[in-house]
Amino acid sequence: MSEPSYQPETLAIHAGTARSQFGEHSEAMFLTSSFVFENAAQAAARFIGEQPGNIYSRFTNPTVTMFEERLAAMEGAEQCVATASGMSAILACCMGLLKAGDHVVASQSIFGATVNLFNNIIKKFGVETTFVSATDVAEWQAAVRPNTRLFFLETPSNPLTEISDIAAIAAVAKKSGALLAVDNCFCTPILQRPLQLGADIVIHSATKYIDGQGRVLGGAVLGSKKNMEGVYGFLRTAGPTMSPFNAWVFLKSMETLKIRMDAHSANALALATWLSAQPNVARVLYPGLPSHPQHKLAMKQQKTGGGIVSFEVKGGKEAAWRVIDNTKLLSITANLGDTKTTITHPASTTHARITPEARAAAGITDGLIRIAVGLEAVVDIQNDLRGLNS
Ligand SMILES: *Cc1c(COP(=O)(O)O)cnc(C)c1O
């Protein structure tokens with residue numbers, strides 16, 4: 001068991017007990033779909049849960065268990081359930097905790113596929129979702145119905161970096177008999193630990209910063225043993241479990257998560273500060289800047305501003321596309337949380353399917369650019385934004 005007194009970066013390197021008999025120092029990868037029993041009686045005891053142990057990798061796998069124990073220790077959670085992707089983590093959370101007739105209150109500033117999941121998939125099974133402001137706590141309170149079971153948010157939000165007050169929204173959830181789930185993908189437990197702020201569930205897309213090098217997909221749901229029972233039950237039966245290979249990649253990545261998050265944050269702060277001084281930049285959105293409308297709240301619940309910087313160029317879409325098209329180093333891709341800096345135009349990509357009016361209301365203007373700041377030298381990232389001054 002991990003010692004609760006250790007810091008998250010220490011747990012990221014040491015937590016987890018799933019070791020083999022060989023005494024390996026670096027975590028082993030168990031590429032096996034099933035496990036062998038000594039005899040029929042042992043098989044029977046494993047299947048009915050009388051004897052702990054592995055049966056089949058859709059149920060448990062030692063490498064995946066090691067990942068789950070490590071992330072649970074870092075988030076301060078009783079249990080972690082690893083999934084094939086971030087989206088399957090959110091699906092497993094819904095399938096495990098909700099039933100037909102339940103109601104969800106969700107931030108309107110969440111990942112596009114998550115909006116889709118609530119609006120088009122979960123809805124088919126009789127669960128309705130009301131979307132509210134990420135920042136106005138009163139809207140959460142006002143949206144509560146007698147059948148509200150789940151609150152769902154993401155902070156900082158994408159791409160506007162709005163900050164939701166986790167403690168305040170958790171208090172409303174508690175009072176309403178609902179569970180609060182926080183998608184902690186942008187911060188990771190190194191920068192923000194939602195359970196310590198009163199949330200009940202933490203969701204991760206490990207695909208982003210936890211891998212950190214853009215290689216594999218994975219996700220996780222974390223919370224109390226009681227809340228994870230149905231989530232794990234869904235996963236074991238339905239099957240979107242994490243591959244042991246991916247779990248091994250994540251384990252190795254987690255050991256450097258702290259130094260990567262610190263470096264992403266330092267680069268992002270330097271870039272945001274530089275962007276703020278550029279004449280063709282209308283505004284910069286970065287929680288680590290004192291000019292951010294929720295800077296104080298961000299610095300209370302996060303250790304740093306994180307790695308995502310959004311900014312608006314003067315001249316609308318044409319100017320934004322010019323900046324993007326003049327880059328040579330930056331990757332034009334919607335992915336984030338990579339050592340490689342990525343640049344994207346939300347209005348014409350991730351948010352293209354929303355009506356222009358709804359986009360404008362949400363603040364996703366045509367001049368908005370989002371940068372997921374990587375680990376290159378900041379001066380090289382700045383120079384690659386040459387289109388700003390052309
Ligand atoms: C990418 C992402 C997801 C989905 O994760 P996948 O691993 O791509 O399924 C969910 N939430 C946030 C905030 C994300 O950025």
Side-chain angles (χ1 to χ4, degrees), residues 64 67 71 75 80-95 104 106-122 129 131 134 150-164 166 180-192 194 199 201-222 231 235 238-243 245-247 249-250 253-254 261 264 268 287 302 306-310 331 333-338 342-344 346 349-351 362 364 370-374:
V64 176
F67 166 83
L71 191 58
E75 286 284 8
C80 170
V81 178
T83 59
S85 65
M87 286 321 301
S88 53
I90 300 170
L91 175 67
C93 172
C94 291
M95 294 307 249
V104 176
S107 160
Q108 62 201 7
S109 310
I110 51 177
F111 192 62
T114 312
V115 174
N116 230 340
L117 184 82
F118 283 125
N119 273 343
N120 300 320
I121 299 184
I122 300 300
T129 302
F131 291 94
L150 183 68
F151 279 19
F152 191 99
L153 64 84
E154 202 176 297
T155 180
S157 75
N158 180 21
L160 295 175
T161 72
E162 297 159 286
I163 306 296
S164 296
I166 297 174
L180 171 62
V182 175
D183 183 334
N184 201 26
C185 167
F186 274 34
C187 280
T188 82
I190 295 295
L191 302 188
Q192 172 173 277
I201 314 271
V202 170
I203 305 272
H204 277 288
S205 166
T207 314
K208 311 295 169 51
Y209 288 106
I210 291 181
D211 173 15
Q213 286 138 92
R215 297 166 296 188
V216 295
L217 271 78
V221 192
L222 301 104
V231 176
L235 220 71
T241 40
M242 179 179 283
S243 119
F245 177 82
N246 291 9
V249 172
F250 292 134
S253 284
M254 284 157 97
M261 290 315 289
H264 280 294
Q302 303 174 203
I308 309 291
V309 177
S310 290
S331 314
T333 170
N335 197 28
L336 62 96
D338 199 303
T342 69
I343 187 165
T344 180
T349 59
T350 48
H351 294 70
I364 317 261
R370 188 201 75 190
I371 294 189
V373 185

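One-based numbering, in listed order, for ligands and for the atoms of each.
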> Run R370 and T350 through side-chain hydrogen bond (donor to acceptor under 3.5 Å, both in side chains) and show every step you take.
CA-CA 11 Å; R370 188 201 75 190; T350 48; 5.9 Å; no

> Heavy atoms only: give me the nearest L235-A82 pair and the separation to one decimal.
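Reported closest heavy-atom pair: CD2-O, 3.0 Å.
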
> Taking all non-hydrogen atoms of both residues into account, name the closest pair between F111 and E154 and its distance.
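Shortest heavy-atom contact: N-OE1, 2.8 Å.
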
> Counting non-hydrogen protein atoms only, what is the nearest one to atom 4 (C) of ligand 1? Give residue, atom name and distance.
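Minimum-distance protein heavy atom for atom 4 (C) of ligand 1 reads F111 CE2, 3.4 Å.
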
> Where do I166 and P194 come nearest, in terms of heavy atoms and distance?
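What the structure gives for the nearest pair is CG2-O, 4.1 Å.
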
> Give a yes or no on whether the backbone of G218 and the side-chain of T207 come within a donor-acceptor separation of less than 3.5 Å.
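Judged by distance alone, yes, a pair lies under 3.5 Å.
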
> Report the nearest protein non-hydrogen atom to atom 9 (O) of ligand 1: residue, atom name, distance rounded to 0.1 Å.
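Answer, as residue, atom name and distance: M87 N, 2.9 Å.
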
> Between ligand 1 and C185, is the shortest N or O to N or O distance under 3.5 Å?
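No; the residue has no nitrogen or oxygen that sits under 3.5 Å from a nitrogen or oxygen of the ligand.
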
> I'd like to know if D183 contacts ligand 1, where contact means a heavy-atom distance under 4.0 Å to any ligand atom.
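Per 4.0 Å heavy-atom rule, D183 contacts ligand 1.
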
> Is any side-chain heavy atom of L336 closer than 4.5 Å to one of I308?
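With C-beta onward as the side chain, the pair touches.
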
> Is the closest N or O pair between I90 and ligand 1 shorter than 3.5 Å?
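Looking only at distances, the answer is no, because the N/O contact criterion of under 3.5 Å is not met.
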
> Just to confirm my output: which protein heavy-atom neighbour is closest to atom 7 (O) of ligand 1, and how far is it?
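Checked against all protein heavy atoms, atom 7 (O) of ligand 1 sits closest to T207 OG1, 2.6 Å.
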
> Heavy atom to atom 5 (O) of ligand 1, shortest distance: which of A372, A206, S205 holds it?
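Selected option, by shortest heavy-atom distance: S205.
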
> What atoms of ligand 1 come within less than 4.0 Å of a heavy atom belonging to E154?
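So the answer, numbered in order with elements, is 13 (C).
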
> Please say whether K208 places an N or O atom under 3.5 Å from an N or O atom belonging to ligand 1.
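By distance alone, the answer is yes.
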
> Checking N184 side chain against V202 main chain: does a donor-acceptor pair fall under 3.5 Å?
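No; judged by distance alone, with no hydrogens or angles, the pair does not exist.
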
> Just need the protein heavy atom nearest to atom 6 (P) of ligand 1, so name the residue and atom and give the distance.
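Closest protein heavy atom to atom 6 (P) of ligand 1: G86 N, 3.3 Å.
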
